[in-house]
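This is a predicted model, so every value here is computed, not measured. Chain identifiers are assigned alphabetically (A, B, ...) following the order of the sequence lines, protein sequences preceding nucleic acid strands; residue numbering begins at 1 within each chain.
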2 protein chains.
Amino acid sequence: MNIGQASEQTGVSAKMIRYYESIGLLPSAARRANGYRDYSDQDVAVLQFVRRTRDLGFSLEEVATLLALWSDKKRPSRQVKRLAETHIADLERRMREMRAVMKTLRQLAQHCHGDERSDCPILDDLAKPRAASAKKARRHQVRS
Amino acid sequence: MNIGQASEQTGVSAKMIRYYESIGLLPSAARRANGYRDYSDQDVAVLQFVRRTRDLGFSLEEVATLLALWSDKKRPSRQVKRLAETHIADLERRMREMRAVMKTLRQLAQHCHGDERSDCPILDDLAKPRAASAKKARRHQVRS
DNA sequence: CCTGCACCTTCCCACAATGGGAAGGTCAAC
DNA sequence: GTTGACCTTCCCATTGTGGGAAGGTGCAGG
């Protein structure tokens, strides 16, 4: 199967499939005589696994770990569960932060007339130094 | 005031202050005879504005817009409110997505023994093709 | 006066994960 | 044969941030 078919069947773009291979997340694909990559149903299954874990917001590094655990038939399920729970905790933390930010934003928006008048409590408030407590983090974003 | 002091007073790193200036988000800072950037209390206020809007998850592009609205004393407050509400809607969308993902993850984790046994419903499930419906988006992340 | 240290300057590199696109080879259908 | 849909590799851009090098400055203590 060509990369295009594999991409279509998994929803992972051809570009990304090549990229995943280049960074070692996936093993080097088999090649046809013409140099085209050749994918088996097995390979497609792996790509689907990657796709799904990515959709669940795991970083490529975490995906790599999950792939390793997946292929290691003897690893204790505890390891997998721990990874999932760490990820859940991370999502929870970020959601708490977002909730706090939204609360602030809603309050700001509420007090703004939002009409032709130029006075705007939103901007007035943004200019005040007392911070919104949210800081650093980034990384890991749920693909929407 | 040197860039270090300005950074300390605003919580914006010196690196970022220079970067914001380089991309035109901030006007070129005044310079001392020795070439050092020189910041006034006014400048510090602007940096605090930027810091706060960043903390609320606005992109640098949105920050630029807010800065422009801020300095335009005659703009209708409607414009500002619209921007804030768009941002709120965006956050709401992302939170919905995250909630869906967390629900899936919690279900997966729940069914996993998480002990010495090697069978793991999490991995089994990830290997199944039916997607988690979450896709694309990225950009905009609340700084935690 | 010299030395050291803390600060400033600019410049380049890296990151995560993805898309865009150029330049060129291949294959199948017509 | 030519056309068009593939495939290949390479390089570049994105967003926002940090790291670090190489060099200038300014002040304090000896």
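For a distance-only test at 3.5 Å, the side chain of A:K15 qualifies as a donor-acceptor partner of the base of C:dG21.
The interatomic distance linking A:R32 (CZ) with D:dT8 (P) rounds to 11 Å, in whole Å. Atom pair A:D55:CG and C:dA17:C1' shows a separation of 14 Å (rounding to whole Å applied).
In this structure, of C:dT10, C:dC7, C:dT18, it is C:dT10 that holds the atom nearest to the side chain of B:R31. Considering only the side chain of A:N2, D:dC7 comes nearest among D:dG16, C:dT18, D:dC7. Between C:dT9, D:dT17, C:dA17, one nucleotide has an atom nearer to the side chain of A:S59 than all others, and that is C:dA17. If you check D:dC10, D:dG16, C:dT10 against the side chain of B:R18, the one that comes closest is C:dT10.
Counting heavy atoms from C-beta outward, A:D125 and B:R52 have side chains that approach closer than 4.5 Å. Looking at heavy atoms from C-beta onward, A:D119 lies in side-chain contact with A:H113 at the 4.5 angstrom threshold.
Annotation: of the two residues near DNA chain D, A:I3 and B:Y19, the 5′-most nearest-nucleotide partner is A:I3. Remark on DNA chain D: of its neighbouring residues B:N34 and B:M16, the 5'-side contact belongs to B:M16, judged by nearest-heavy-atom nucleotide.
Look at A:S13 and you'll find a side-chain N or O under 4.0 angstrom from OP1 or OP2 of C:dG19. Applying the 4.0 Å criterion to OP1 and OP2 of D:dT15, one finds that B:R54 has every side-chain N and O outside that range.
By the rule that hydrophobic residues join a cluster once side-chain heavy atoms approach within less than 4.5 Å of another member, B:I88 and A:M95 end up as members of one cluster.
Each of A:F58, A:W70, A:Y20 was evaluated against A:F49; a single residue qualifies, A:W70, per the ring pair (Phe, Tyr, Trp, His ring centres under 6.0 Å) test.
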